[in-house]
Amino acid sequence: MQITVWNEFFQERNQPNTAAVYPDGIHTAIGEGLLANDPSLNVGYAWLGQPDDGLAEEVLGNTDVLLWWGHLKHGLVSDDVVARVRRRVLGGMGLILLHSGIESKVASAVLGTTCKMSFWRHDDRELVWTVDPAHPIAQGVPNPLIIDSGEMYGEPLDVPTPSDLVFITSYEGGEVLRSGIGWHVGRGRVFFVSNGHEEHPLYYRDDLRRLLSNVVAWAAPTAPIMEPTGRVANPDRDWWRAATTEGN
Ligand code: ZN
């Protein structure tokens, strides 16, 4: 299975406190966590500033699951790349939106809403509660998963009603967030994981790495990825085609 971890890769190169936590980029810490749990994965990296934003047709065309971490530079991602990602999800690729990646152009294009949160606050204590203990993504994840310092995201979060609600995070200010939610979009699966604030070393944690590995397994395609507009040629099903072209 081919995994691509996409990262905006801006704060690690421009903001000292994030650079100190992730000197090799957030994407590297995420990828290493996935490989620690499943060495059979192929993990590649892509970031903003590369040609095609790192997601040329041949890269995306080989990707089974794409993880997306973005924050300050959503607007710089090219519309062509966004359309390419959406098309690939519709065809069956898994897409995992990480932390502020929920507000990306990719998220909005795939889910069809603004995907904006209502407010946020840094350095909040997060309690990640499992609300669907039978769900495959919850297996092996502590309940609650405790993050002493993360970031609060406030509801309402403008997303479609999810098909899968696995985690709800509560914060020390009393707010709650649907922090681990999934959707089936076309042939693909999409999942949002809110926890992953860039100023704290969260993606090195074994418990969050377990959670992300479970999400990757859930989002992985269960059938060959197809062109979303492709029609399977089948004369028995395509009787209407002959009928509608008769007499032309
Ligand atoms: Zn953050």
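Values reported hereafter were calculated over all heavy atoms of this structure, with side chains retained and with hydrogens, waters and symmetry mates removed. In this chain, residues are counted from 1 in sequence order. Atoms within a ligand are numbered from 1 in the order they appear, just like the ligands themselves. In this text the structure is predicted, and so the values were computed from the model without any measurement.
D123 and H200 share a donor-acceptor pair across their side chains, judged by distance under 3.5 Å alone. Side-chain polar atoms of H27 and Y22 form no donor-acceptor pair below 3.5 angstrom.
Between the Zn ion (ligand 1) and E151 there is an N/O/S contact shorter than 2.8 Å. Among the backbone and side-chain atoms of H71, no N/O/S atom is found under 2.8 Å from the Zn ion (ligand 1). With 2.8 Å as the limit, H99 counts as an N, O or S neighbour of the Zn ion (ligand 1).
Closest approach between the Zn ion (ligand 1) and any N/O/S atom of H197 involves ND1. Closest approach between the Zn ion (ligand 1) and any N/O/S atom of E198 involves OE1.
No more than 12 heavy atoms of other residues, nucleotides or ligands lie within 6.0 Å of CG in D206, so this atom counts as exposed by the packing criterion. No more than 12 heavy-atom neighbours from other residues, nucleotides or ligands sit within 6.0 angstrom of CZ on R86.
Counting only distance, with no hydrogens or angles, the side chain of E103 and the backbone of M117 share a donor-acceptor pair below 3.5 Å.
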